[in-house]
There are 2 protein chains.
Amino acid sequence: MSEGSKDTPRTRLDGEQTRRKILRVAERLFARDGYEGVSVRRITSESGVELSAVNYHFKSKENLFHSVLAMRVDAINRRRIALIGAVRPSEDVESSLRAILDAFCLPFTDPSSTEDLSNYRQLLAHVINTKRWQAKTFQHHFDPIVQMLIANVRQLVEFEDEEDVYWYISFFLGALANAFAETGRVDRISGGICDSSDLDRVKDKLIDFTVGGLMRNCRAGKGSSGAA
Amino acid sequence: MSEGSKDTPRTRLDGEQTRRKILRVAERLFARDGYEGVSVRRITSESGVELSAVNYHFKSKENLFHSVLAMRVDAINRRRIALIGAVRPSEDVESSLRAILDAFCLPFTDPSSTEDLSNYRQLLAHVINTKRWQAKTFQHHFDPIVQMLIANVRQLVEFEDEEDVYWYISFFLGALANAFAETGRVDRISGGICDSSDLDRVKDKLIDFTVGGLMRNCRAGKGSSGAA
DNA sequence: GTCTATAGCTTGATAGAC
DNA sequence: GTCTATCAAGCTATAGAC
């Protein structure tokens, strides 16, 4: 409460607060309706800030979109790197694989964080499935962490073809993005048996599925889950 | 040539031709930039038809979008039903599973058709990952065929939890939509080893992966690929 | 069934006072 | 850093001549 020279009760230097409010609302709207489906006006209107604030703080609508992604990606990927690095190698290949995939998903499913990542997850599904955003966004924000995941998987299992691991991890990423977007499809298809908002369960089932896909197609993989 | 009463050299009754041209261009643009990312003006401009033609033939932009989907979905699903129905039950569970999944993918990968379905596949990835299109589009066009796929899988394998088959098929669909959208991600990640435009290969690898995920997680599934 | 013209709004972005 | 006013462009949709 100081910094006021004499009496400036209104014009507080809360630019950072405005910036954050815009980011939060933009994330929610972009997640729901996509980049083109949201106007700057709607963002500022629902943020309770002026129209010109977006261009002042972010220079352009597209730059705002990138800022929205950057806000989450950095923290999540840092956490992934830490968790994957902390995985203790086990003599059981399947357990190790499971641990790696779990470490990759964990920051994404937001186990105990105060942040709500549901909008970010929806947004990711949009980005990962759009050709246009690949070069502009995905490549920069996600390629490195995906390469790290692949390197860790390759240390555990070997495949017939060199290309296999890229295909399988790519399928895993596609399934992951769609599953965590919580579109409600699996709830509807299953007649309510499945709950797509139960992220821990989604994660566990996805890992079961992925481990099966990897283990059954790796060298000497049809058999047991025993040591390599 | 005829149907002209006296001399009508210009006003040919080629409304159907105009309609088709609009549908074709709209599919391509919607696939690339999404529903909101495309204006009616761009569609008519690139189609070489008048702006008002869209509203004349399709009543509204949203109805055009649904028409674009309907154009492909019906034929593809009819083909799927025929192919799945023609699968001969084998004593080998894995082979049967593989045949079912192959029948589901085959019309989608367009093995020998004259139609180019690449835009449709991109569009599907957009629809399947967007919450908003679930009720409006996906439910009507895709739920029945997905239920049929699930019913066929359940006849072959049994899972610990009743919910499992819904989760796994949902993962399969998410991976499928993303893989066939040809975003170029797997090509980039693999350093060019994988070619996402080689649809037959994508299909085969996806089926390998999915069969692994299903077989390894079904009752008495860790073991061999032998008879049930 | 095509084409022109236009109504009525919304868009992203900026200039300039405060 | 906020706020008003505004621009130039684009938008969906329709009316009416042909």
Side-chain angles (χ1 to χ4, degrees), chain A residues 1-27 29-30 32-69 132-133 136-137, chain B residues 1-27 29-30 32-68 132-133 136:
Chain A
M1 283 62 165
S2 54
E3 179 52 12
S5 38
K6 286 170 186 172
D7 60 344
T8 43
R10 239 174 65 65
T11 358
R12 294 166 356 262
L13 341 166
D14 49 10
E16 187 56 28
Q17 208 171 333
T18 298
R19 211 186 114 94
R20 257 198 281 265
K21 219 186 288 187
I22 292 172
L23 280 171
R24 217 170 43 81
V25 171
E27 183 184 51
L29 295 179
F30 283 145
R32 184 178 311 269
D33 295 335
Y35 177 75
E36 289 91 353
V38 180
S39 65
V40 177
R41 278 178 149 80
R42 229 177 110 210
I43 295 169
T44 56
S45 160
E46 298 198 19
S47 301
V49 306
E50 287 309 310
L51 172 62
S52 51
V54 160
N55 282 338
Y56 177 79
H57 285 282
F58 299 95
K59 180 183 158 123
S60 73
K61 182 189 176 184
E62 178 153 338
N63 193 54
L64 168 60
F65 185 76
H66 291 301
S67 302
V68 164
L69 280 175
R132 221 172 68 262
W133 292 121
K136 290 189 172 188
T137 298
Chain B
M1 286 65 159
S2 64
E3 178 52 13
S5 39
K6 288 169 183 174
D7 60 342
T8 42
R10 239 174 66 64
T11 357
R12 296 173 345 267
L13 342 165
D14 50 9
E16 188 55 28
Q17 209 173 335
T18 298
R19 211 187 114 94
R20 258 198 280 266
K21 218 186 286 185
I22 292 172
L23 281 170
R24 219 170 41 82
V25 172
E27 182 184 51
L29 296 179
F30 282 146
R32 184 179 309 270
D33 295 334
Y35 178 75
E36 289 91 351
V38 180
S39 66
V40 177
R41 272 178 152 77
R42 232 178 106 211
I43 295 169
T44 55
S45 161
E46 299 198 18
S47 302
V49 306
E50 287 309 310
L51 173 61
S52 52
V54 160
N55 282 349
Y56 177 79
H57 287 281
F58 299 96
K59 182 185 158 119
S60 73
K61 180 187 177 186
E62 179 153 337
N63 192 54
L64 167 60
F65 185 76
H66 291 301
S67 302
V68 165
R132 218 171 71 263
W133 291 121
K136 289 189 172 188

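Order of the sequence lines sets the chain letters (A, B, ...), proteins ahead of strands, with each chain counted from 1. As the structure is a computational prediction, the values presented were derived from the model and not from experiment.
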Interatomic distance where CD belongs to B/E16 and C1' belongs to C/dG1 [whole Å]:
13 Å
Presence of B/T18 side-chain N/O under 4.0 Å of C/dG1 phosphate oxygens OP1/OP2
no
Among C/dG12, D/dG1, C/dG1, the one nearest any side-chain atom of B/D14 is C/dG1
Which heavy atom of B/A26 sits nearest to which heavy atom of B/V68, and what is that distance?
CB-CG2, 3.9 Å
B/R41 meets the side chain to side chain contact (heavy atoms under 4.5 Å, CB included) criterion, sequence neighbours left out, with B/S39, B/L51
For B/R132, enumerate each residue passing the salt bridge (Lys or Arg N to Asp or Glu O under 4.0 Å) test, keeping only those at least two apart in sequence or located in another chain.
A/D33, B/E36
Just how far, in rounded Å, is P of D/dC11 from CD of B/E62?
18 Å
Nucleotide N/O to protein N/O under 3.5 Å, stretch nucleotides 16-18 of chain C:
none

Quick one: pull up OG in B/S45 and CG in B/L29 and give me the separation to the nearest 0.5 Å.
9.5 Å
Write down the distance between CG (B/L64) and P (D/dA13), rounded to a whole number of angstrom.
10 Å
Without decimals, in angstroms, what is the distance between A/I22 CD1 and C/dA13 P?
13 Å
Report yes if the side chains of A/V49 and A/V25 come closer than 4.5 Å at any heavy-atom pair, otherwise no.
no
Whole-Å distance between C/dG1 P and B/R20 CZ?
13 Å
Atom CZ of A/R19 and atom P of D/dG1: how far apart are they, to the nearest Å?
11 Å
Go through the structure and list residues passing salt bridge (Lys or Arg N to Asp or Glu O under 4.0 Å) with B/E62, not counting sequence neighbours.
B/K136
Side-chain atoms of residues 52-61 of chain B: list all donor-acceptor pairs with protein atoms under 3.5 Å, sequence neighbours left out, distances to 0.1 Å.
residue	atom	partner	partner atom	Å
B/S60	OG	B/N63	N	3.2
B/K61	NZ	B/Y35	O	3.1
B/K61	NZ	B/V38	O	2.8

Among residues 38-47 of chain B, which residues get a heavy atom nearer than 4.0 Å to DNA chain C?
none
Looking only at C/dT2, D/dT12, D/dT2, the nucleotide nearest the B/L51 side chain is D/dT12
Could you check how far CZ of B/F58 sits from P of D/dA13, rounded to whole Å?
13 Å
Under a 4.5 Å cut-off applied to non-hydrogen side-chain atoms, are A/I43 and A/L64 in contact?
yes
B/F65 CZ to D/dT12 P: how many Å, rounded?
14 Å
When rounded to the nearest 0.5 Å, the distance separating CD1 of A/I22 from OG1 of A/T18 is 6.5 Å
Whichever of A/N55 and B/E50 has its nearest DNA chain C nucleotide further upstream toward 5'
B/E50
